[in-house]
Every structure is written in C-alpha cells, then in structure tokens.
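To start, the structure itself, in structure tokens.
Chain A is the first sequence line, chain B the second, and so forth, proteins listed ahead of strands; every chain is numbered from 1.
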Number of protein chains: 2
Amino acid sequence: MADIIVTPIPERKRGSGVKLVYDLLRDEILDLTLPPGSPIDEVQLAERFSMSRTPIREALVRLAGEGLIDTLPNRSTMVSNIDFLNLHTFFEAITLMYRMTTRLAAKHHNPGDLPIIRAHQAEFAKAVAAQDALAMIATNRDFHAAIAEAGRNPYFTALFCRLLDEGRRILRMYYQSFDDRLPQRYADEHEEMITAIAARDVDAADRLAKSHADQIVRQIQQLFARDQRQDIAL
Amino acid sequence: MADIIVTPIPERKRGSGVKLVYDLLRDEILDLTLPPGSPIDEVQLAERFSMSRTPIREALVRLAGEGLIDTLPNRSTMVSNIDFLNLHTFFEAITLMYRMTTRLAAKHHNPGDLPIIRAHQAEFAKAVAAQDALAMIATNRDFHAAIAEAGRNPYFTALFCRLLDEGRRILRMYYQSFDDRLPQRYADEHEEMITAIAARDVDAADRLAKSHADQIVRQIQQLFARDQRQDIAL
DNA sequence: CGTTTATTTCTTGTCGACAAATAAAATACA
DNA sequence: TGTATTTTATTTGTCGACAAGAAATAAACG
C-alpha cells in the first residue's frame, strides 16, 4: 500500500501568514521584481501561499496604507507607480531627512549605536567590493536607517525609512542602467559621516549629510536626463 | 395584520463600511472620546455598526498602520498611549514641519490656494469667537493642512497631517484643563502667516511658522509642568 | 458594419462559522 | 492557606462560500 504523500511544510504559526506575505510582497515591490503597474491578484496569492484570502487581504491593506499598491474599488489592485513628474519633492524630503537624522545621531547617539552603524557600513563596503547592486541598495538603506535610529526621533525615522524604501525602487532602476565607480565614493562619504557622528560634531554631520544627499540626487537626475533624451522620437 | 417593522437604514453601499468605521473610530480616538488604553472589541463594533467582523478588522488594520491603536497578538487591541516621555521628539518634528510647509507654501502656492487657506482661517476665527475648543482644534488642523497642501510636497504634507492629528489628542487635554485668551493670539499669527505666504516671502513665512510652533510648544510644556507638579504625592 | 443592449466572467467585499491562543476561573494538592 | 494544574471562557485569526460591481464578451438591432 502506497504511503499517503502529505504536503511538505503546510505548518504555519497562527499569526505569521500576514507578515510573511507582507514582507515578501514588499520586497518584491521595492526590488522591482513586481514593477509598477503589476496586477495583484488575491486568489492567485492565496494559492501561491496556500492560505485563505483573508490574511492576503490584510497584508494588501497594510501595503496600501504605505502607498506601495493602489486599490481600485471593486476592481483590480496593482503596484503603485513612481511619480516621476514630482521627483523633486522626493529629493527635497529625503535631503532634509538625511540632514536631520545625521544631525540628531551626532547629538544623541549612545555607545551602543556606533557598532551597529559600523557593522552596516561594513556590509555596504562588502557589497561595493562585490559589485552587488542589489546588496548595495539594501545595505545602504540599513546604514542610514541605523543612523536615524541613533537620532532617537521616531517621526523622522519613520518618514526617512519610507523615503529610503521608495528610493530603493528608484535606485534599482539606476543600478540597472549603468554601473560606474561612484559607489566607492559613497562608501568613503559614509566613513566621514561616522567620524562626524562619533565626534558629536553636529555641523560636520549636517554638511556631510547634505553633500551626500546632493550627490545621490544629482546622480539620479543625470540618469533621468539621459533617459529623457532617449525617449525623444527620431 | 401588523406590518413587519424593518430596520430603518440597513442599506449601505458595498465598500463604504470600512471607511465609515475607520473615520468614526479615528475621530473618537483623536477627540479622546476613546482615551488612550480603551479596549477595542471587534464583535462589539460589529454589533454597533451591524456588519460583519471583516470590514471592522480592515479598519482596525489601517488604524494600527497609523499607530493609533496597538494590537497584542491573539489578545486584545486598544487605543495607543501618548508617549509623554518622548514629547520633545514630537515637538522637534512638528516644529520642523510647520516651518517647511509654510516655507514651501510661500514658494509654490497657486492662485486657488489662498482662498481655501483663508476660508479655514475664517472657520478657526469663528471657533475662537465661540470659545469652542473642539472646533478650534479641528479648524486649526485644517488651516495648517491647507497650507501644507499649497506647499505641494506630499511627503511633508503626510507627516505633518499625522503630527497634527497626534497633536489633536494632546491639545484636547490642553483645552480640557484650562481656557485662556491665547487662541486669539494664534488667530493673529495665522493672519500674519497668510500675509507672508501671499507675498511669497519665504523668510518671513519661516520665521512666523517657527515662532508659531514655539508658542504652541511652550504652552503645552507649561501645561505638563503644571500637571507634573500636581502628580507629586503629598 | 457600427452601435447599443444583454449576458457572461472575473474580481472584490462581506458574511457566518470554526479553530487556535491566551487569560481567567476552578479545581487539586501540599 | 498558598501554589500548581486543569478547565472553561473569551477573543482573535483563518477559512470557504456567496453576492455585488465592473469590465469583457456576445447578441440584438439599426
């Protein structure tokens, strides 16, 4: 008599399904695995994760709350678009948050914060050395998020992380189109920022954060300027 | 034969239930009708709105996403507490947002924006004249939200509105404990801000926003200093 | 052949019910 | 009487099913 084959790992803890779906979809959206405009189908996801639509739905509500997906009433829901026309507002906001969080980190960091920040910077340097674009983007985010945490202002940290995540989508396009030697420069700037924070030099931290932000903004703007030229019909 | 009595208004449009519950709970939380720590019971709400637990749940997930309620896994969910120990981070953030949004409004406002802002200011003045504390809080929020809208940076607007809403809870306590003549001063400062915005005077807008914010922060701090004295055991 | 109307299809929104997890109550035990 | 253990109760998390809405398709009509 043949043994009955059971599904390998159908076991899941009670409240874990939502977080699982949320985290995975979030990553896929930010990595552009699910590019803007991708349709999100509830039943399809329910089959994929072999669970009911209810927890899927809860994860989608959360993602919608963060603006990562758009829901048309009674109709489809899809990955939200990047508003290229208003990118300047994004740059404006993220530059300010770079400055504020770095300033506050210089002011309020505790002894335990610096090792964490340095660890993230080491990860970033490793990703740069390996020329791993996806890892660079992720570790860069974590590095700055750690600085924001050390600044001890949850409101700024929340906005900054949101902006960094939205930036992940934009940076993903950036690194998709060309790889140059700038990442090394970013790594060096990170080191300077750490030094300024460790020295509790608020003004230096602010200056470095601003130039770091300007640097990134300029790079992205150049990318889009180039793309726009390509878009012109001949 | 007696007519069968039907429930008066059981009709509700398909996707409207969630928004209904969300808006109402949100208002009750921000007005302190539901003070921090109040238990939120799903079945109770389901009965109150005569609908299933599913839409209630969705509304709660959204509120949790904004940090207005805290959810203990598998156990109760309740209105989130106000973190009085870290109020300074709140003041820091809202002061910066007052400044940024007012600056940006001075820079980017369109002809259509000023009438809207003035309308909200008129509502605020009316509430002040009527000594209606709740209306003052609500119209003050709307006034500053309108300025933020005119600044045309959705990231700042979103954070600012969130801070203003969180502030609604704090201000509610403020006006509960004592009414003085300061609201008139706030109304005057509002007028000055409108003038600066209309004149596109960024520096003046910034200065006024900063002093306005400082004014409010100082008032709240005085309230809490007073409360703290009362809290000391005799 | 083009336009309007009916039908089908597909997705979402809502429901009632059940199972799991935890707290509270009751019981057993020293 | 105090503590540990079992039982009950309450609340949440998940499920499958059904109905409403809107787009896509088919049909009717000029």
Side-chain angles (χ1 to χ4, degrees), chain A residues 6-26 28-29 34 36-81, chain B residues 6-26 28-29 34 36-81:
Chain A
V6 289
T7 48
I9 315 153
E11 305 286 339
R12 237 193 303 266
K13 282 170 211 160
R14 195 171 150 81
S16 69
V18 177
K19 184 169 163 42
L20 196 84
V21 177
Y22 171 81
D23 286 340
L24 199 75
L25 279 184
R26 183 189 162 81
E28 292 190 349
I29 291 171
L34 290 175
S38 302
I40 306 282
D41 189 70
E42 294 181 6
V43 288
Q44 188 177 318
L45 288 170
E47 287 172 11
R48 178 174 162 197
F49 292 97
S50 59
M51 57 173 75
S52 162
R53 273 177 53 220
T54 310
I56 304 284
R57 209 140 210 290
E58 183 170 329
L60 294 185
V61 169
R62 283 216 251 160
L63 290 170
E66 296 179 35
L68 291 177
I69 61 177
D70 289 333
T71 302
L72 289 266
N74 281 317
R75 211 65 208 142
S76 70
T77 141
M78 56 192 208
V79 178
S80 65
N81 289 312
Chain B
V6 290
T7 49
I9 315 152
E11 306 286 339
R12 237 192 304 265
K13 283 170 208 159
R14 197 172 152 80
S16 69
V18 177
K19 185 169 162 40
L20 196 84
V21 177
Y22 171 81
D23 286 340
L24 198 75
L25 280 183
R26 183 189 162 82
E28 292 189 349
I29 292 171
L34 290 175
S38 302
I40 306 282
D41 188 68
E42 294 181 6
V43 288
Q44 189 177 318
L45 287 171
E47 287 172 12
R48 177 174 163 197
F49 292 97
S50 59
M51 57 173 74
S52 164
R53 270 178 54 221
T54 309
I56 305 283
R57 210 139 208 291
E58 183 172 328
L60 293 185
V61 170
R62 284 216 251 160
L63 289 170
E66 296 179 36
L68 291 178
I69 62 177
D70 289 334
T71 302
L72 289 266
N74 282 316
R75 213 63 211 144
S76 69
T77 142
M78 56 191 207
V79 178
S80 66
N81 288 314

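What separates CZ of Arg53(B) from C1' of dC18(C) is a distance of 11 Å, to the nearest Å. Atom CZ of Phe49(A) and atom P of dC15(D) are 13 Å apart (whole Å). Atom CD of Gln44(B) is separated from atom P of dT11(D) by 9 Å (rounded to the nearest Å). Nucleotide dT10(D) holds its C1' atom 17 Å from the CD1 atom of Ile40(B), rounded to whole Å. When the P atom of dT14(C) is taken as reference, atom CG of Leu60(B) falls 14 Å away, rounded to whole Å. The CE-P distance, from Met51(B) to dT14(C), rounds to 7 Å in whole Å. Atom NZ of Lys13(A) and atom P of dA20(C) are 16 Å apart (whole Å). Between Arg75(A) atom CZ and dA20(D) atom C1' there is a gap of 12 Å when expressed in whole angstrom units.
For Arg14(A) and dA21(C), a side-chain-to-base donor-acceptor distance below 3.5 Å is absent, hydrogens and geometry of angles not being considered.
Candidate nucleotides dG21(D), dA17(C), dC15(D) were compared by shortest atom distance to the side chain of Asn74(A), and dG21(D) ranks first. When each of dT14(C), dT12(C), dT12(D) is scored by its nearest atom to the side-chain atoms of Val18(B), the top-ranked nucleotide is dT14(C). When the nucleotides dG16(C), dT12(D), dT12(C) are ranked by their closest atom to the side chain of Val43(B), dT12(D) comes out on top. Listed nucleotides: dT12(D), dT12(C), dG16(C). Nearest to the side chain of Ser52(B): dG16(C).
Around CD of Gln44(A), the count of heavy atoms belonging to other residues, nucleotides or ligands within 6.0 Å does not exceed 12.
At distances below 3.5 Å, not a single donor-acceptor pair connects side-chain atoms of Ser38(B) with backbone N or O atoms of Val79(B).
If you check every strand for non-hydrogen atoms under 4.0 Å, Glu42(B) touches sugar and phosphate atoms only. At a threshold of 4.0 angstrom between heavy atoms, the contacts of Thr77(A) are confined to the sugar-phosphate backbone, with no base atom among them. Ile56(B) comes within 4.0 angstrom of nothing in the nucleic acid, heavy atoms only.
Of the options Val43(A), Ile40(A), Val21(A), a side-chain contact (heavy atoms from CB on, under 4.5 Å) to Ile56(A) is made by Val21(A) and by none of the others.
Considering only heavy atoms from C-beta on, Leu24(A) comes within 4.5 Å of Arg48(A) through its side chain.
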- [ ] Start with the C-alpha gap between Thr71(B) and Leu60(B), add the side-chain angles, then the distance that decides, and say whether side chain to side chain contact (heavy atoms under 4.5 Å, CB included) holds.
- [x] CA-CA 9 Å; Thr71(B) 302; Leu60(B) 293 185; over 6 Å; no
